Amino acid sequence: MTGPVLPDRPAPPAGASPPVESSGPGDFGDRRDVGGSRAPGDVRDPGDLGELARPGGPLDRLVAEGLRTVGTGGVWSVGDADGVRGRGRSGALGRGPWATREMDHDTVFDLASLTKIVALWPCAGALRQAGRLPLDRPLADYWPAAARHPVGAVTARQLLTHTAGMPLRTRFAELYGDDPAAIRAGVLAAPLHRPPGAAVEYTDRAAVLLGHLVEDLAGAPLDRLAARQVWQPLGMTDTRYGPLAPDTARRTAPTEYERTADGILCGTVHDPSARLLGGVSGNAGTFSTARDLERFLTALLPPPAGLPWGEPWITESLRVHTGGLAPARGLSWLCAAGTDPAVGTFVHYGFTGTGIWVSRRRGRWALLLTNKVHYDRDFQPLTDLRNAFRRAVLG
């Protein structure tokens, strides 16, 4: 067994189309994978992590073959509380000018909805642990901006679990224009889609609203909060909101052709809602590398002393908070489909093609980063690969 490795404007492609706002049912940022049902308490032993993750071993072959089917390059890592136990990479950064550059663990990816985990969730946790973010009081009770609006009846827990009943799609440009202040006002004033607590319905609006709440309570913008409370303490030196500097953009995996930019986005956030908000939002906007995410995930098993969002926030978050509603969710995290929620295997995806998993019961974490949208939006092959990867590592 190997020991743990400590974490240390071109023309559009043929057939490309401008990205659209997508945060309704089936948004790939939180798409439910289909992994098969399990009997309660059925936990398959995936085997020794070191053997699974050895160079040329089962995981290496599974991901390399899967990525060829998916039609994209990517990187993967798995580990435990001691750090990285194995990693691999396959393919090029993209087509055209990116075709000669290989994927690596220093490749920068647009994380898309993983922003909800690596920026918004820990910053909310820091406020929670400081006694400044009550999870079950209506927002209007302590946030003046929410008073006299439908969202005033919503709680922070409902925002974190996507049970707030907010509209399912953002449609910011269509509804509010391109002024960030008007978008914020529109999100606050929008009627609810259904009564809070009635259903689990993934929507970026919940994260956008929670991001504004966190910023107001903390008195600082989200990018500054995340850098100070999350990324700097963990040594995540490549993690930041965009747009990225030219030297960093050169090692960034490109995403999609964007009509308004007349080119393929690379170092500018792919998510159109986050772009309208200046690139910094609770729902999307962060860029990171596999090496940085390795540090982040390792810190969940268990967290280093002194993190303002460590324990008990992590333990509180990584359990089911949605009662009998489906799909089962923790706080920000989703219970992996095809697993018994009681087992505690949690996941979050990003629309661009990114994904991370953690299981405290197993004492393991995993990541698989691609830029699938650079090639097409046929996500089923990637969903199949993700399911197989999760089963192999976490059962």
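None of these values were measured; they are calculated from a predicted model. In this chain, numbering begins with 1 at the start of the sequence shown.
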Does [X] use its side chain to pair, donor to acceptor, with the backbone of [Y] at less than 3.5 Å?
{"X": "N371", "Y": "H374", "answer": "no"}
{"X": "T115", "Y": "T286", "answer": "yes"}
{"X": "D178", "Y": "L276", "answer": "no"}
{"X": "R68", "Y": "G71", "answer": "no"}

If you group Ile, Leu, Val, Met, Phe, Trp and Tyr by side-chain heavy-atom gaps below 4.5 Å, do [X] and [Y] land in one group?
{"X": "Y375", "Y": "W76", "answer": "no"}
{"X": "V230", "Y": "V118", "answer": "yes"}
{"X": "L120", "Y": "V200", "answer": "no"}
{"X": "V108", "Y": "I117", "answer": "no"}
{"X": "V320", "Y": "V347", "answer": "no"}

For a quick check under 3.5 Å, do [X] and [Y] share a side-chain donor-acceptor pair by atom type?
{"X": "T163", "Y": "Q158", "answer": "no"}
{"X": "W121", "Y": "S317", "answer": "yes"}
{"X": "T69", "Y": "E65", "answer": "no"}
{"X": "S77", "Y": "H105", "answer": "yes"}
{"X": "W365", "Y": "T298", "answer": "yes"}

Tell me whether [X] is salt-bridged to [Y], with the criterion being a basic N under 4.0 Å from an acidic carboxylate O.
{"X": "R364", "Y": "D80", "result": "no"}
{"X": "K116", "Y": "D204", "result": "yes"}
{"X": "R251", "Y": "D247", "result": "no"}
{"X": "E201", "Y": "R169", "result": "no"}
{"X": "R184", "Y": "D216", "result": "yes"}

Inset, instruction - Assess the pair F296 and W309: is the distance between their ring centroids shorter than 6.0 Å? - result: yes
Legend entry - Closest non-hydrogen atom pair, L382 against K372: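 Smallest heavy-atom distance, with atoms named: CD2-CB, 4.0 Å.
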Inset, instruction - Hey, can you tell me if W231 and Y241 have their rings parallel, tilted or perpendicular (30° and 60° cut-offs)? - result: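 The arrangement is tilted - the two ring planes meet at 30° to 60°.
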